[in-house]
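Reading through the structure tokens given below for one structure.
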Amino acid sequence: MPDKPVPDNDPIVTKSYAAHYMIAVTLLTASLLWALWDEAFGMRPWKAYQHEWKQRYTAFLKSASSKSDVSQKEVEGSSDYQKLKQDLDQATQQATPHVRDLQKQIGDLSAKILAVQSVFTDRRAYVNALTYQIETNPSSKQSIQKDLDKYKAQTATVEYPDGSKQPYNFEQLEETYNSLKDQRAKLNAELGDTLKPVTQAKAALDEYVNDHMVDLTPAQIVGLEKKTEDLDPSIQQINVAEANIVDRCESCHMGAREPVKLTAASMSEKGAKAPDDFAKAFVSHPNPALLQVHDPDKFGCSPCHQGNGRATTSIEKAHGNYEHWLWPLYTKQNLEAGCQTCHAADMMLVSGDVGWTISKGKDLFRQRGCMGCHRYEGYDKEPEELQSLNQQIKQLEGERRDNTKQSAYLMKRADAAESNDEANKLNDEAVGLRVANSKIDGRLQQIDFRAHSLMQDAKKVGPNLKDARLKLNKNWIPVWLKKPSEFRPGTKMPNFRLTDAQIQAISAYIWQSGFTDSLPHQKPGNADHGKELFETRGCLACHSIGEGDDLQGGTFSANLTRVGEKANYDYLVRWIHNARERTRPYCPYEKKDIGPEDYAKKNLPYVFDLAHSKCPNDGHELQVQNMTVMPSLRLSVEDAQDIATYLLTQKKQEPSTYADASFMDDPKLKDEGQKWIRHYGCAGCHEISGMEDEGRIGTELTFEGSKPIERLDFALFTEGAERGKEPITNPEDLARLPEGPAKAPWYDHKGFFEHKLAEPEIYDKGMVKSETEALRMPNLHLAKDQVQALTTFLLGSQESGLPANYQYRPQDTRRDIQEGWWIVTKYNCVGCHQFFPGQDSSLMKMKKYQDADWKEQLPPKLYTEGARVNPEWLRRFLANPSLSDTDTNRNGVRAYLKVRMPTFSLSDDEQRKLVRFFQALSQQPLPYIPQSVPTLTSKETEMARSLFSSTAAPCLKCHATGDAQHDAHATAPNFLLAKERLKPDWVERWITDPQAISPGTSMPSGLFNHVNGQWVFAGPTPPSFQGYTQDHTKLLVDYIFQLTPEEQRRVASSMGRSTASNSAPASKKPSVGATRHALPHSGASAGGSR
Amino acid sequence: MKKSRLAILPLLALVGLLLLAGCNKKENTEQSSSAPASAPAAPTATPIDPATVGSISGAVKLDGAAPKPSKIDMSQDPACKGANEAETIVSDKGNLANVFVYVKDGLGSRTFDVPKDPVVLDQSGCRYHPHVLGVMAGQTVQIKNDDPTTHNIHPTPKDNREWNESQPPQAAPIEKNFAREEIMLPVKCNQHPWMKMYVNVVKSPFYAVTDKDGKYEIKGLPPGDYTIAFVHEKLGEQTQKVTVAPKESKTADQSFKAGGM
Amino acid sequence: MDWRQLWEISSAPDNVPIVGLIPLLAFYIYLAWKQAHANDQLITQLEADPAMAKTHHRKTWPFKPGWQKEVHVWPFLLRIEFLAAIIVTIILMIWSITLNAPLEEPANPNLTMNPAKAPWYFLGLQEMLVYFDPWIAGVVMPTLIIVGLMVIPYIDTNPMGSGYYTWKQRRFSISTFLFGFVILWIAMIIIGTFIRGPGWQWFWPGQTWDHNRLIYEVNRDLPDLFGIASNWGKAIFGAIVVGGYFALGGFAVFSLFRRYMPKDFARMSILQFSITQAFLLIMLALPLKMMLRLLWHIKYVWITPWFNV
């Protein structure tokens, strides 16, 4: 039997499904409503934002308008405003009566016109109709014509507004109508004329207000309010077809482009303790200046910020922070990665701005020698170019050979030819080939030049280890290799996790492969003087000394606190005297170091330098310089010895205390060592004999940022990363993570890079690997901010989908700037010079240079260098800053500065680039055509001289004259340089207001006053100036530009300077002497008049 | 992603319950992060009751022998007449002059209005008078040139804007002011390297410069606990805690070690 | 137990259907079974007394005076179907609101996802690929499945149990169906969804899907176990084993039929029976092969130059 009792009524028939239907239908309706809601709002969260935006922004504007009212009051308070206001009122008063009655007339006329019009138009319509008939059916032409005339003859009455009636026939009517209209037109024109002064005055007034109000004027704010008022919810979209950018970011970020400063605080609701999502979304773009350069309507948002510009359904989607979206929004910390999208070619992202994380990253990438192991487009390109040159050389030489053969063959055929014509033809061909050959020779010549300068430009991050034997304390090498940052915190040399065996092998190879040439023996110098030189000559612009808090100097190159423990005196002297001096030249074609024996074979003298850079064996370019950026300070050998002596006193322990490392002579270790050196790619940063053309061992990083995440090997930490586990345990390395130990999932590029940089071996953790399999990347012992900068750089290193013309690769002068920065940062010019306000050089930061007098010992600011100097002169100066071939132990322009402009022995190429760079930085055209300076009449010369020598005009007090005694006090360059060096127009600008060009220079402003259109000397002028109407400035400049030594001497003497200047020992020997005392009595000037 | 994941819950629940002809729905909530908002605190200035004000005075000594002031050779500019000595450490019988004394701390958030009349800095005999100058932030400094030669006035500040203006003989006085507080702001003349002086820009009117007897006095101080700072261009800064009772005139002496720098 | 992993798998939009499938399957099997049970009881009653049969014109309930003999499809059937339609609509709507299509990044030819899985309804086939040659798993097997389904009406000689739930009258067909559908099809889909992780490795539910996981296992062929080296030997040996399986299996099926369902057996023609037998054995072979592989790491049984089984 069925388990349930049988019901009385048939369940199938009687059972009611009402309840089921009830529920089902309600659910259905509910889900339907849900669907509708989802469609309208759920999938369109931005609507909520725009709604909020309306309210909050209006509120904000309200408060803003009250403020701006106040400030407007202030503006209106000013006399100028009052004056303009009066003008306006006057104009209006004058205009008003006339205007009023004009308007009246116009009004009446319009009424009349209306009256006539109503009648006229009606009749005209009829006439036109008839005319049409006449035109179309010629048959009944006449008859219709008659009607027409009749109709035209009929008069119609026009009733004017003033009640008067007037009968007109058609012609009259038409004429009246037209005349009336003409009248009105005239009146309108007249009205316009009468109103003109008023409108002008009004415009002037508004303009004044706009110009003088810092923030928006009330009027503008009202405009904004209006705009916000009638904003109706819709997707705000930037669509750039050519670049396939569709960004709807502004659908929520409504405030991004508002002309007012919106902060999360100012956009949060009244009394909200913390700004909510809305408030955060509504802030205006933090850097409006950027938006002006990168107009969002052309660039959109996503090219810089990334994220999913099209998505509008949720925050995660829009910001691209979801699985499968390959371009998630850049985080705050790495924001500037976006710049790399288009600015990959820039070393300095913004000329005239500092503190850019991305620029820092780029610089680090180069300074720390990352490109030694990792190829990166644009970095360290010289070697590659050199190789391609070699290719070309081979190919061209091949061609030449063929041509010779070919032409010989042709000539033979020519001689044997039947007809003369053919002979001539063949001969011509032959000749043609010979000419082609000479062209090829020319080309080869060029290539050699290029190679020459490339050879000069190619630098290595690390020192040349071929000199290891001559340079280093043998026992120190293994200690150093163990952990460089131990010996020298912050060194560029990273920590390779070398086993003792590896260390022994490597040091053995380096030792045994090093040069064994003998160095000239140097006699010891004076440490104290050395110290002084070291601290004043400018070594500290790049090098630092001291550790921790008492660290002084720049971080660009090595910290020399313990140099005494490692260095060999004789070598150090040579190095300081000229770091570029090489023990033996290297021939990249034979791949060997050329020694005296090679020269002897060709019985050539054993000299090699930039002038003698041809290989004795194959006549191609040699590497004749050490591949270091360290320049020569043109020190005398004695000075070099003094400095070296001083440096050798810099040590924490005696060199002799290092444990003996005689194993380095064990030849058995050599091969092993070479293996490991190759394995760790040491040759990427160092010159090591036998490994000159080792390839890079690392992966290319040009597009690392757009590598699929799966291609980044998180090894055993994939899960951990996805779940925000922190694998790094070593506290030292943990401290390197920009945002500290992971709290959130870090399975992304950012996380990978940060961890890799903080502890490169981390992805080996927990894995069992052999020595050769283990990750090779060394620990660069970076600081938090450095890791962040590099991460930013790498994140930005992406293959951009934008069209090529979005890449910032300008072809005009901006390119010169772009290229220039690469060189400027390469040689650390910014260590001494300021290129734009706000960029502090390493020297400026030093304690010493805080002192008022030393401040003026700072190297010149280069704010307007390009506008200041003659480019040709600049090139010569860069080539040889001493501006003299005989007396090189000095500064060319500012002999009075202790700090030296070093000789970088820049290649022609780099000289050219730098000159262009400076010219471009100050928008100077190239080539420079010197502006002709008028020769002065004897009278003018007389005047100029008298002014020059007057006590009131202090020119020669500070400016050097070449007279040793006087120059002891000189704090400014010699006028004689001006003709060659300066641009007259600049000088004129300069002397009128130096402070405007180089703030803080010791050349004072206010020397001249601008009195009714004429520049007049501020002080009492000599009588001869009576009635002189030209600019005094112009006069002086012209005078300076034709100043001769004799003239100068005359003026100087005429100033009746007493010669007793015992206060300056300097007067004994200007150059060396000047260095002998630490603090000059004369506050020498670095600001210097430039 | 997370959203849709969570959204599966109602779906699964629905499927399950529909089998039992029932139903329920869940809504997933949007979570919103929050950051602390900045709440600026308004400064409260308590007015000074002239009845209760006290004063601080005292003398500054230099123990140990003062270094012999080095003679300055002004021959390079004939227009500079008279003798001149370096004024780095001026000490007459151990009384240290040119020490700037001011109330460094203890005035709380009080603000003081800037006096209208300017402070005068005079150049005569190719030296500055005075050598150490006190001025309130924003107060006008009037610079005169009584010499027959051109000077230029070149302050090299840390926290103020740097400027450098030439002042020919008989030129109209230059009027400037310093907006921000700064102690021992060096001023110099590039044409007469020995010409140096120091401006001290302070926020309060409670400062003084010791005269050649090393004496100073600060008047009109409201009662309270103060930190008085004594600053010398070479010997550096020393501070002293002083409590001023109503109407009290305290003495606070201070001494610098010679060569303690 | 890695709950997070479990949640990530089961909450992935593409896996939701399968998550839903499991309870649904259980529920409907239960429902059907309940009905069948009731019917079977009734059947026994009716068979017991023929008189009762007369009074019973409708399922499960005895005749009651006043009850209609027939009821119309409209409304009595349609109203229920319509209700069902509504409920399905609701489910679909909510599903479509809450779950977006599982879209991923643009396909990248040099970067395939791991594990790369077929759509859920093909996971069974994909799973078979583990155990058979591609062409067997991908071509032969599906064909057999389809042919098998087509052949059913011709080999099903059992006239009873159509139109009502019953177990007693259709033991064979129902169990065959359950075996084929639940065990072979659904189970393999579930394995493919929840068990197969990166590298198509076997992860027990709640085990972390570790991309770096390496496991060592050697799969040998049956002949090798017996140390048969020569190809011919392998081929012959395999043929014998497989043949043996079919022979023995055939015999077993034959005797079981004769024993337990003589009626069906009697009704069948020899052709019908042999076809049934063949398909049944092939069906059974699949799980056997899987088990050989999973438990004893046996790769192939029968190796020939042309195909391996």
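Excluded from the calculations below are hydrogen atoms, water molecules and symmetry mates; all remaining heavy atoms, backbone and side chain alike, are included. Residue numbering restarts at 1 for every chain, and letters A, B, ... go by the order of the sequence lines.
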| message | Heavy-atom cut-off 4.5 Å, strictly under: side chain, backbone, both or neither for C:L77 against chain A? | response | neither
| Contact class of C:N114 relative to chain A, heavy atoms under 4.5 angstrom | neither
| Sidechain N-carboxylate O distance under 4.0 Å for A:R723, C:D2 | yes
| message | Looking at chain A, which one of C:H211, C:R79, C:M113 has the largest number of heavy-atom pairs inside 4.5 Å, strictly under? | response | C:R79
| Structural part of A:L326 lying under 4.5 Å from a heavy atom of chain C | side chain
| query | Considering residues at least two apart in sequence or located in another chain, which fulfil the side chain to side chain contact (heavy atoms under 4.5 Å, CB included) criterion with C:I86? | reply | A:Y21, A:A24, A:V25, A:L28, C:F82, C:I90
| All salt bridge (charged side-chain N to carboxylate O under 4.0 Å, His left out) counterparts of A:K707, not counting sequence neighbours | A:E704
| message | List the residues meeting ring pair (Phe, Tyr, Trp, His ring centres under 6.0 Å) with A:Y747, not counting sequence neighbours, and say none if there are none. | response | A:F714
| Just wondering, do A:W325 and A:Y322 contact through their side chains at under 4.5 Å, heavy atoms? | yes
| message | Within the structure provided, determine whether C:I43 and C:D40 are in side-chain contact (heavy-atom separation under 4.5 Å). | response | yes
| task | Considering only heavy atoms, give the residues of residues 758-769 of chain A separated from chain C by less than 4.5 Å, sorted numerically, with 'none' for an empty result. | result | none
| For A:T791 and A:N334, does a side-chain donor sit closer than 3.5 Å to a side-chain acceptor? | no
| query | Is there a donor-acceptor contact under 3.5 Å from the side chain of A:H755 to the main chain of A:G751? | reply | yes
